[in-house]
2 protein chains.
Amino acid sequence: MSDLKPRPRTRIQRQNRDAILEAALEVFSAQGFRGATLDQIAAAASLSKPNVLYYFASKEAIHLALLGGLMDSWLAPLRALDPAGEPLAEILGYVRRKVEMSRDFPRESRLFANEILQGAPRMLDAIEGELKTLVDEKAAVIRAWGAAGRIAAVDPYHLIFSIWALTQHYADFDVQVRAVLGPGHDPFAEAGQFIEELFTRLLAPDARAH
Amino acid sequence: MSDLKPRPRTRIQRQNRDAILEAALEVFSAQGFRGATLDQIAAAASLSKPNVLYYFASKEAIHLALLGGLMDSWLAPLRALDPAGEPLAEILGYVRRKVEMSRDFPRESRLFANEILQGAPRMLDAIEGELKTLVDEKAAVIRAWGAAGRIAAVDPYHLIFSIWALTQHYADFDVQVRAVLGPGHDPFAEAGQFIEELFTRLLAPDARAH
DNA sequence: CCTGAGACTGACCGTATGGTCAAACATCAA
DNA sequence: TTGATGTTTGACCATACGGTCAGTCTCAGG
């Protein structure tokens, strides 16, 4: 039952697979799937093109390997939202984790964005399955918090969407943000503060829903 | 001095140019620049490939024609924000216009998103010029409103970014939003309500900045 | 009905790109 | 040293794609 997914065995295999995935992340996230070429990936990984294809069956296989690893780490911050915790602190904690992910893994965010933009041809299953399930679960928790008056009663789905939108925007539209702000700014630090304040005011339990 | 930009003269030229741009918008927004092919565009426009190239010098020229027309219509909603108006109403009006744009022109939004994701290679000038200028101008207006206590004093740049992020998210990540919500929803209608409420609570002048 | 500018097309070209393969090379246990 | 296994590569292939061109067709104005 072990070794179902045959892991790379030798040291060289592990090294080269990692180098290829790292290079592919760089290239795919910047150029999109069709925009990226095997030559670019090979060059970025300091390998020859045939050698890249020795480790991965095809360009598509590399892309799938990246996307496969992505969904889990993407869901982790939401998964960590604790139904037993203090509502506002839990949601703000989620926000902070998402801001940190955008800051620390912008390439992954852009890879994801590229995929969804093209209609998620290789991720729809994961989105309709894993992701929807988790969101449904956490949305129920947030709704209960609202019903209990512990936070303002807002639509939990759109609350989650808005957290995604705001945090990922700073990774995906990085060039635009920096171009508009000009030099001398730390977009992610400012964004973190702004977004936390935004949700604090939105969710303050004394705010009455109409 | 007239006719600097030679407009299409004949009826056929106007028709076919429009058909090509419409088809190209469809294809570019769904596939990105490199993902799109002239054959796809030609097929979508019901023209032969050489005929498409009879109207536009190259694939790039079609793309540029689309992007060129885009920036103006993209800035219009912000441009309409009136410094002499009632602050909260002005900002909520801007929000509503952006939501409507996402709802009515999702392909344009995705075309824009694709471009920025790839580092805005063909739009950086417009972003650092036109767009930054306009944002600087309106940010000053909003900052003045905050300083005067007519709305909460929040960072105007990140306020604008957050409006962009929230509204465009529903166009750009449409498939994800619909997949998570499931059937029986009108994402844009719900988003409009949610986002307006969010900014209303954020900007309520009685909310004290710390 | 002519005619010429405008509109259109099939056939073609050069290059880029994903992928293959046979052979060479490296590594290491026996 | 040797053989076996794992690794690497240059040369090559088929296709897709952006773009060209010579020539044909269309149609509005005279």
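Just so we're on the same page: letters track the sequence lines, and every chain starts at 1.
Between N51(B) and the phosphate of dG10(C), there is no side-chain N or O to OP1/OP2 separation shorter than 4.0 Å. Residue Y54(B) places none of its side-chain N or O atoms closer than 4.0 Å to OP1 or OP2 of dC8(C).
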Between protein and nucleotides 10-19 of chain D, what N or O pairs are separated by less than 3.5 Å?
unit_1  : atom_1 : unit_2 : atom_2 : d
dC17(D) : OP1    : R34(A) : NH2    : 3.4
dG18(D) : OP1    : A36(B) : O      : 3.2
dG18(D) : OP1    : K59(B) : NZ     : 2.9
dG18(D) : OP2    : L38(B) : N      : 2.7
dG18(D) : N7     : K49(B) : NZ     : 3.0
dG19(D) : OP2    : K59(B) : N      : 2.7
dG19(D) : O6     : K49(B) : NZ     : 3.4

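Taking all atoms of both residues into account, the shortest heavy-atom contact from A179(A) to E128(B) is CB-CG, 3.8 Å.
Looking at R97(B), its side chain never comes within 3.5 Å of a backbone N or O of L78(B) through a donor-acceptor pair.
For Y170(B), the ring pair (Phe, Tyr, Trp, His ring centres under 6.0 Å) test picks out H158(A), with sequence neighbours left out.
Spacing between atom CG of N16(B) and atom P of dG6(C) amounts to 15 Å, rounded to whole angstrom units. dG6(D) atom P lies 8 Å from atom CD of Q13(A), rounded to whole Å. In this entry the distance linking CD1 of I41(A) with P of dT17(C) reads 12 Å, nearest Å. For the pair I12(B) CD1 and dT26(D) P, the computed distance is 12 Å after rounding to whole Å. In this structure, R14(B) places its CZ atom 11 Å from P of dA7(C), rounding to the nearest Å.
When V95(B), I163(B), T200(B), L92(B) are each tested for a side-chain contact (heavy atoms from CB on, under 4.5 Å) with I195(B), only one passes: V95(B). When each of R96(B), M101(B), E100(B) is checked for a side-chain contact (heavy atoms from CB on, under 4.5 Å) with P77(B), only M101(B) meets the rule.
Counting only N and O atoms by type, the side chains of D136(A) and Y157(A) include a donor and acceptor under 3.5 Å apart.
Nearest nucleotide to the Y55(A) side chain, out of dA28(D), dT8(D), dG6(D): dT8(D).
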